[in-house]
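The structure appears right after this line, and notes come after that.
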Amino acid sequence: MCKFFSFYPYFIKDNLSNFIVLAIALFTVLTLIYSSKFMNPVRNTDRTGNNKTVSNGVKGKSGLMQYYTYIILTSIASIAAVRSNHLILLFVFWGFLGLTLYLLINMGQNSSQAAKKTFIIIGGSDALMLLGIGIIYYLSGTFMMDKIRIPLASNSILPIVAYLCIAIGCFAKAGVMPFHTWIPDSSEAAPLPVVAFLPASLDKLLGIYLLARISMDLFIMIPLINMILMVVGAFTIIAGVMMALVQHNMKRLLGYHAVSQVGYMVLGIGTGTPIGIAGGLFHMLNNAIYKQALFFSAGNVESRTGTTELDKIGGLSKVMPLTYIAALIACLSISGVPPFNGFVSKWMVYQGVISQLQFHTDKLRFIGVLCLAAAMFGSGLTLASFMKLIHAAFLGQREVSSRSNIKEVSIAMWLPGIILAIICIVFGVFANQVPLKQFILPAVSGVSFIGTWYSGLATTLIIAGLVLGILIFKLKNLAPNIREDKSYIGAEPLDLENNRVTGTEFYNTIKELKTLKPIYKRVKKGTFDIYEQGKKFTFSVAKVLQYLHNGVLPTYMVWCLLGTLALFYYLLFK
Amino acid sequence: MKALINLFTYLIFPGFLFSACIGLIAGWVDRKVTARIHWRVGPPWYQNFVDIVKLLGKETIVPAGAKMTFLLAPYLGLLSLTLVAAALGSNILSPLEGFVGDLIVVLYLLVVPAVALIIGAASSRNPLASVGLSREMKLVLGYELPFILSVITVIIKSGITIQIGEIINHQINFGSNIASISGTLAFLVSIFCMQAKLGFVPFDASEAEQEIMGGVLIEYSGLPLAIFKVTKAILLYTMPLFLIILFMGKDLSPLFIIAKFVLLLVIIVLIKNTSPRVRIDQALRWFWGPMSFLASAAVILALLGK
């Protein structure tokens, strides 16, 4: 690490980037382990037993070489981007990451559309970022990030524009609404390890890292910008999770959650309080952990059943127990069930929002309360959509036709998920001792908790109660004999073929509510998709140009003549 | 020593044993009053205890499926809820110390029993259980929104704190939260949320015995069923206590607590016995519509200092 010092001032090493580099390394290693089996084209047999590649379009050795090269290049570029202290350097690595993201997503079957969309959204926001960097240079006269300290003020517009331009770059990378639409699309189409690696973990780390960096160091924040961040965050939470609630595909559902969870991070950083920022950063780390575990589980399911459509799978907990355990723990973490890690970071974000209520005027307090309610309710909605996922994929009734030849995946595929699940538990139970003390609190100064949560004590008590319960259970006198039996409905043995409840239609009641129905319809049409709207706008502009550019020589001659005349006119009479 | 005290707090008083006993007796009050309304005699006071002991002795039948999940889910729900009961109880005993966590922790732990019920039901692989669990989840979604808003009202009223002890102290110094317009509104909303959380009529669509035969509980028998019953009993003790702490925390001497508890219990039983079961979409509309509106009004009024 000390080598970086010799590159000073272009690269630096500080507490904020330290743990992010560590996390990037961890996710890279796990993704490589996972890919070693998943990306093997022969292994992916579909349900009928045909040797068909399932989610990877990688064919042969050269394809695999390309894949691994891109993954490792991505990892190196991410570390370099996080470490760089020079804005232009950061931007170069950032842009390079956009390119590798495009190439990696493009490796999937039929994923060129999603890859194009990703490239356009990320590339467009990168252009805005460049504008922001230019303004920063204009204002401060330097590109060195540790020397820049620009105060935002509501009466001077230029710093605010610079901040927002860079923030939009971060938003697009992390997938904050309305720049999120590439995530669900690419998570459905791209090869699964790519989704688990980039949109689910690395892009979150990078986007939120830069957002935290500009909010904490580069700019001095004002309440107005804080409020904008908070509202954007709260809106992302609710809108993302409402979309996730009604999805039928496991990967797409997870993709929408990858959007929704970013809201908590943006909300936390938007509070501007140390505890909120620390919560946002911790949530970024936690989210990357459990989201990667969830995508790995989805990959395991896909590689065994050949599909991630929730209608077509079910009851996999018996045949894939390790995948199920990893997925269950990750689901509980993401839903914020204590004592897992997702709860701790959400709790810190809430504390950030609540403590910033203390020093604001009424109007701003109202927005703060609104964001708090949205964030807390969003957590409930997250729980709901993951209960649906757990029911439909792992518990619930088994899909009858798929019963044969499904077994647990090989160790290289379940191990990463289990490791991540263990980290989820450790980061939750020993939150104060391990992640907060080692990683988060050194990066954010002045954190003070306004609540209390003794996760260690609570877990110990729960385990003690569990042990006691099992002891009572084992006592001779009380021991009830356990018998396994078939299920019955209406005095008939259960007929799974006719009586299957998959769970995908659980929340149709919500979809059909009078106020929500038109919104869902619009979303399906793409009214809120910035890419679709941008496409429409670009094509309508292009239409005018197309009209002029019709390929008929006389038209061009007329334009030339008119142009020359105008030029002469101007030169003669100026 | 500290560990022993904690264990005592958790398992005996005011944790598991104490709250279970109170809850089972409260359950008896409910059954007795219901019986009197029906012109029946009703069970003796120890009936609920006898029921639990009977269930413990029965055979446990596990449906072919996820056996471990099926058996562990009720335990974890019960243990998390016990944490809440212990935390609330010790906060009343000594507001300055607290036990495991603050208001947000309690709010989250209170959802865990529902999660346990849902996961347990899902692992039983019965289609009727699936129907039941989807209703339970939608009900949770329904009441969570207004309940969160009412809790936020309390947070604002108590001078923006999330420590339960400080909320109690604030009420001791400045009067109960219910004694204001916003407090009253939030209290009204949370009574309905409590009813839904307890799974009582009119919000018992997830169990609906006549319709889906117990729904979420359909495959449970013997010990796990007994645990769910005890969980429900503890919830019947915890939820009113939580509301008392949030809204009526001015005088928390034992006699007053009992009086307030009985008052809330009477309200619960009255609602239960005078209303029919609502469909789940009706419940959802009720909670996301009028209830959330009232709760938002309470939040705004609290922000304005009313």
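Reckoned from all heavy atoms, side chains included, excluding hydrogens, waters and symmetry mates. To find a chain, count down the sequence lines: A is the first, B the second, and so on, and within it residues start at 1.
In this structure B:Phe8 satisfies the ring-ring contact (aromatic ring centres under 6.0 Å, His included) test with no other residue, sequence neighbours excluded.
With contacts defined as side-chain heavy-atom distances shorter than 4.5 Å, the pair B:Tyr108/A:Tyr350 qualifies. Here the side chains of A:Ile450 and B:Glu166 are not in contact, with every heavy-atom distance at 4.5 Å or above. Counting heavy atoms from C-beta outward, A:Leu332 and B:Val115 have side chains that approach closer than 4.5 Å. Residues A:Leu357 and B:Leu303 have side chains not in contact (no heavy-atom distance under 4.5 Å, counting atoms from C-beta outward). Residues A:His391 and B:Ile118 are not in side-chain contact: their nearest non-hydrogen atoms beyond the backbone lie 4.5 Å or more apart. In this structure the side chain of B:Tyr10 reaches within 4.5 angstrom of the side chain of A:Ile462, judged on heavy atoms. In this structure the side chain of A:Leu381 never reaches within 4.5 angstrom of the side chain of B:Glu144, judged on heavy atoms.
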>> Go through it in stages, so that I can follow the logic: the residues are A:Phe394 and B:Thr69, the test is side-chain contact (heavy atoms from CB on, under 4.5 Å), and I'd like the CA-CA distance, side-chain angles, deciding distance and then a yes or no.
In response: CA-CA 11 Å; A:Phe394 294 104; B:Thr69 317; over 6 Å; no
>> For A:Arg365 and B:Ile160: C-alpha separation, side-chain torsions, deciding distance, then whether side-chain contact (heavy atoms from CB on, under 4.5 Å) applies.
In response: CA-CA 11 Å; A:Arg365 279 171 76 183; B:Ile160 307 189; 3.8 Å; yes
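Heavy-atom minimum distance, B:Ile148 versus A:Ala373: CG2-CA, 4.3 Å.
For B:Leu149, the part lying near chain A is the side chain, with the backbone staying farther off; criterion is any non-hydrogen pair under 4.5 Å. Both the backbone and the side chain of B:Ile119 come within less than 4.5 Å of a heavy atom of chain A. At a 4.5 Å heavy-atom cutoff, the contact between B:Val299 and chain A is made by side-chain atoms alone. Contact of B:Arg135 with chain A is not made at all, since no heavy-atom distance falls under 4.5 Å. The contact between B:Leu145 and chain A is made by backbone and side chain atoms together, counting heavy-atom distances below 4.5 Å. The part of B:Leu72 that comes within reach of chain A is its side chain, from C-beta onward, which places non-hydrogen atoms under 4.5 angstrom from that chain.
Using a 4.5 Å cut-off between non-hydrogen atoms, the part of residues 75-86 of chain B that approaches chain A consists of B:Tyr75, B:Leu76, B:Leu79, B:Ser80, B:Leu83.
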